[in-house]
Chemist: 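Structure provided below as structure tokens; questions to follow.
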Amino acid sequence: MPRILIIEDEEAMLAGLRDNLEFEGYEVDTADRGDDGYEKLKTGRYDLVLLDVMLPGMSGFDVCKKTRNDGNQTPIILLTARGEELDKVLGLEIGADDYVTKPFSLRELLARIKTILRRSAVTGTENAQGLIEIGQLKVSFENFEAFVNDESVKMSHKEFEILNYLYRHKGKIVTRDDLLDEIWGMDYQPTARTVDNFILRLRNKINTSEEQHIVTVHGLGYKLVL
Ligand code: CA
């Protein structure tokens with residue numbers, strides 16, 4: 001289920017949003033200060049952020065700006081106050097994806113959330129056989145199957161897991177530490193070199209000579225580009 005971070009300092013608003021979003025089946029995390037919200041965004045993984053503008057600690061605008069400056073493209077919906085026309089323009093200029101004006105209807109907000117989540121989910125499309133196409137590779141993460149030119153390709157469980165993780169975070173930088181934590185967890189800690197070797201194997205299966213899909217972000221990690 002998509003994870004949503006709500007950054008909002010009005011207690012009743014925060015509680016109401018959290019309850020309703022959880023009822024809709026979303027996983028919800030919250031912050032009631034701008035600076036705390038920014039830290040959560042920096043360290044956590046979210047599919048979408050609801051961001052109030054007037055916040056203690058750091059304004060919603062600054063949270064948005066700093067987050068984009070970090071290279072974090074998590075979709076952001078600004079919660080602006082009524083009549084603050086300028087807020088909306090400025091908000092979109094500094095990288096917010098959408099805004100709703102308080103007081104907003106829950107139904108309207110839910111519709112915006114769905115639209116944005118759908119937009120970010122369809123960037124990689126499943127083909128008619130339900131396979132996801134990543135470069136020359138066609139893959140089913142559910143069945144642990146992969147094909148190139150209709151021929152089955154051998155891939156280890158770890159390779160599937162790594163590719164799935166990259167796919168779920170496509171377009172975003174994934175660090176080696178992210179992969180070590182997610183894929184290997186606490187039980188066995190391989191070196192960063194091990195991660196690089198897995199990435200190399202995946203690249204050989206995915207990339208063609210003309211197209212690179214797993215790109216190295218120098219000094220940071222990797223990014224899947226579709
Ligand atoms: Ca506020």
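When a ligand or atom number is given, it counts from 1 through the structure's own listing order.
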Chemist: Tell me, please, if D52 has any N/O/S atom, main chain or side chain, under 3.0 Å from the Ca ion (ligand 1)?
Modeler: yes
Chemist: With a cut-off of under 6.0 Å to the ring centre and 45° to the axis, is K138 in cation-pi contact with F147?
Modeler: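 Ring-cation test returns no.
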Chemist: After noting the C-alpha distance and the side-chain angles of I134 and Y167, does the key distance pass the side-chain contact (heavy atoms from CB on, under 4.5 Å) rule?
Modeler: CA-CA 9 Å; I134 304 174; Y167 180 73; 3.9 Å; yes
Chemist: Looking at K102 and E8, is there a salt bridge between them, counting it only when a charged N and a carboxylate O are closer than 4.0 Å?
Modeler: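 Looking at K102 together with E8, the answer is yes, because their closest N to O distance falls below 4.0 Å.
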Chemist: Determine which pairs satisfy side-chain hydrogen bond (donor to acceptor under 3.5 Å, both in side chains) with at least one residue from residues 20-29, sequence neighbours left out, and list them in order.
Modeler: R3-E27, D29-K40, D29-Y46
Chemist: Can you tell me if, anywhere in M54, an N/O/S atom lies at a distance from the Ca ion (ligand 1) that is smaller than 3.0 Å?
Modeler: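 M54 does place an N, O or S atom closer than 3.0 Å to the Ca ion (ligand 1).
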Chemist: Verify the distance test for D9 against the Ca ion (ligand 1): any N/O/S atom under 3.0 Å, yes or no.
Modeler: yes
